[in-house]
Structure formats: C-alpha cells, structure tokens
Amino acid sequence: MNYRFLIYFSYSYAVPIGLPLEREIQKRGYSVKWFCDLPSTEKTLLESSEILGTIEEAVNYRPDIVLTITDNVPDFLSGLKVQIFHGFNPDKRSEDNHFTIRGFFDLYCTQGPSMTQGFRREQKKHPHFEVIETGWSKMDSLFPIEAKPNNEIPVIFIASTFSHRLSLALKEDVFEEIKRLSETGKYKFSMVLHPKLPEATKEKWKGLSNDYFSYHDTTNLNPLFKEADCMFSDTTSAIQEFMLTRRPIVTYAHNRPNAALINILEPELIEGALDTALQYPPKIIEEITAFAEKIHPKRDGCSSARVIDASIDFLQKDKSFLEKKPLNLIRKYKIRKQLKYFTLKGFRKPITKKKG
C-alpha cells in the first residue's frame, strides 16, 4: 500500500530534520513531497527533494500524513497532522510555554521522556491528540559517536541563538575575546550561527576566519558535534543536541543554567571555563549524561524509522476515542491569510486509512 507524505516546514533549520525522514519514506517506497510556508527558504532544500511550489499543489497532493517541522499547520490539508518539532526545549522562556497546545496536531512524536511527560500532561486537558515517544530524526546521523575525539588542538564548537537579549553573537566583548583566543593557537573554534541572525552579524564573525577559527554556513550540526571536544554557547536548543555527545558545555549568561553546564557571566572568564571543560570534570559529565537520558535516550540512530512507523500505525488505528480539535478560528484565519488561501474546509478529526 502506498502512503503520501508531506513534510511541512518554515525555516532552513528544518531541513536536517526532514531529510532523514524523507530518506526513510523513500526507502519504503512511499511518496514524499515538501512544502514551505515561507517561500524564501525553499532554496535550502537539496535538488533531489521534491518541493511543491504553491499551497494549491499541497492541497491537491492530498497527503495521508503531514510531518510538520514548525508550530502550525493548515487544518485544511488532508491527512494525519504529526508534530515532529524543530528543536529541544531551549529554556528561553518558562517550561510550560514549550508545551503549548495550538489545536492543530493529531499526533506528537516526542524526543524523550521529559517531552513525553509534558505532552501527556497536556493530553489529559486536551484529549484530541496522541503522544508517542520516537526520538528525533535530526539526531539519527549523530550516532554512533565516540566518547571523546582525539584532536591535537582542542576543538571548541560555538553556537548562538538569535534572540537579542540572549545571543552571544551580538555581544561585542564576547566577539573581541573569541577573536583574541583564536589568534593564540590554543584552541580551534568551529562556529555556526542561527539563520535568523542579521547577515551583518554573520559576516562579522565570518571575518575571524583563520587557521584556528572556522565559520560554517550550515544547519547540519551533527558532523561538527562529532569533531568537537566541547561547546561554547548561550541559550540555544543546540546545547541540548550537543549534550547527546556526553561532552562538556560552557554557556555565556544562560537564561536558566543547570548543573550540567559551566555557566559564566563575563567574557574574561571564557578561557578559564573552556580549560575546565576540557578536563571533562566527572561531575559535569555525570550531570550531562543524566540530562541526555531525559531528553533523548535513544542512541541507535533509528528515530526516523520510529516516526514513520508511529505515523502509519496511528493513521490505520481507530481514533474515535479522540475529541474534535478546537475551532481555533483566529489561528486558522491567520494561516489562511499568510498562505493567501481562503477556504471554509477543514479537518477537526484525523482521517483513518485502513491497510488494504
């Protein structure tokens, strides 16, 4: 039996989340297409991926399953609406904000116990969706990983969020200190910046490039994670991703620091904190390992397969136990306005497609 999958996304950071799902779908011989609700990011997809150019094409494709890598999805698209998520909980705001139920999804494929528990709490209050813990497709290519790389000069991976209040990339004193350290030859820095940061900021950091500083214009972080001895960051969800390597992390003015992080508040403390991190303090590694088990314990690289299995199984399952999704009139109108597609049609109950 053939199934039609649609991967629905908004920003370029969704691409390394969707590509492993696309490969898994293609491996099984099913149909898969992409749709981006922000056309300016379409170019970030590989040429080998098939992207639908208009919302009309997406509607006419009539997907059986919509794998969503953003917060909202049009209710008027056919098919099971599956939330894949575009990141871990970054601790930028209150934890409860991460579990906002917007009333669009039939199935949440969660990354690990901490997320599963949160959405199951919400499920009791809003019984119109199912929650299945699958692991996260983006992390499949991270595994297997070695405990510690064998670098002659320590490699420090730097990542920064886009929030003006939290981003280290926007702090001039941090920039100057990283510039100084990159000129000493003591470390090799490997940096990525959030796609939403201003181009001028990206160019500024890229200008540091030398034998000991590399800037990478990519959203595929796993290869860089594998090469790094430790991480330097602020308050970005990439921190949680890096934790799966079980390697230390230095944070600059983290919004909600915890015992797994070496958090500092002044640029002059960066060097000392990195040196401490590179000693792999046992207590820190123990805390990181415990945290990683809560957010993503699956280390087999098979999360994409579990997402596809869970989606198909739930598509086939009787879902009469689910309540109708909320009317959501304001959110639905905003989506229609954004896409310039106005219709009264919508799906408040998920479809069921029996094996046949």
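Just so we're clear, the structure is a prediction, and the values are computed from it rather than from any experiment.
Between the side chains of Q123 and E130, at least one donor N or O lies within less than 3.5 Å of an accepting N or O. Side-chain atoms of D318 and S320 include a donor-acceptor pair closer than 3.5 Å. Side-chain contact annotation: E22 with S49, donor-acceptor N/O pair under 3.5 Å present. Checked by atom type, the side-chain pair T161/T236 shows no donor-acceptor distance below 3.5 Å.
Taking 4.0 Å as the cut-off between side-chain N and carboxylate O, R306 and E133 do not count as a salt-bridged pair. Under 4.0 Å is where a charged nitrogen must lie from a carboxylate oxygen, and between D211 and K188 no such pair does. Electrostatic pairing of D229 and K148 counts as a salt bridge here, judged by a charged N lying under 4.0 Å from a carboxylate O. Ionic pairing of D75 and R336 is present here: one or more N-O contacts between side-chain nitrogen and carboxylate oxygen are shorter than 4.0 angstrom. Classification of E56 and K340 as a salt-bridged pair fails, no side-chain N sitting under 4.0 Å from a carboxylate O.
Between F119 and F85, the ring planes are tilted. Angles from 30° to 60° get that label. Taking the six-membered ring where the residue is Trp, F5 and Y30 present parallel rings, their angle staying beneath 30° rather than reaching 60°. Relative orientation of the F175 and W205 rings is perpendicular, given thresholds of 30° and 60° on the angle between their planes. Taking the six-membered ring for Trp and thresholds of 30 and 60 degrees, Y13 and H86 have ring planes inclined between 30 and 60 degrees apart.
For an aromatic pair to be called close, the ring centres must be under 6.0 Å apart, and Y187 with F189 satisfies this.
For the salt bridge (Lys or Arg N to Asp or Glu O under 4.0 Å) criterion with D106, the lone passing option out of K319, K325, K349 is K325. Just one of Y8, Y61, Y341 meets the ring-ring contact (aromatic ring centres under 6.0 Å, His included) condition when paired with F35; it is Y8.
Within a 6.0 Å radius of CG in D217, no more than 12 heavy atoms belonging to other residues, nucleotides or ligands are found. By the neighbour-count criterion of 12 heavy atoms within 6.0 Å, atom NZ of K27 is sparsely surrounded, having that number or fewer from other residues, nucleotides or ligands.
Cluster partners of I153, using a side-chain heavy-atom cutoff of under 4.5 Å among ILVMFWY residues and allowing indirect links, are Y212.
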Assess whether salt bridge (charged side-chain N to carboxylate O under 4.0 Å, His left out) is satisfied between R180 and E176, documenting all intermediate values. CA-CA 6 Å; R180 182 188 73 79; E176 291 297 333; over 6 Å; no
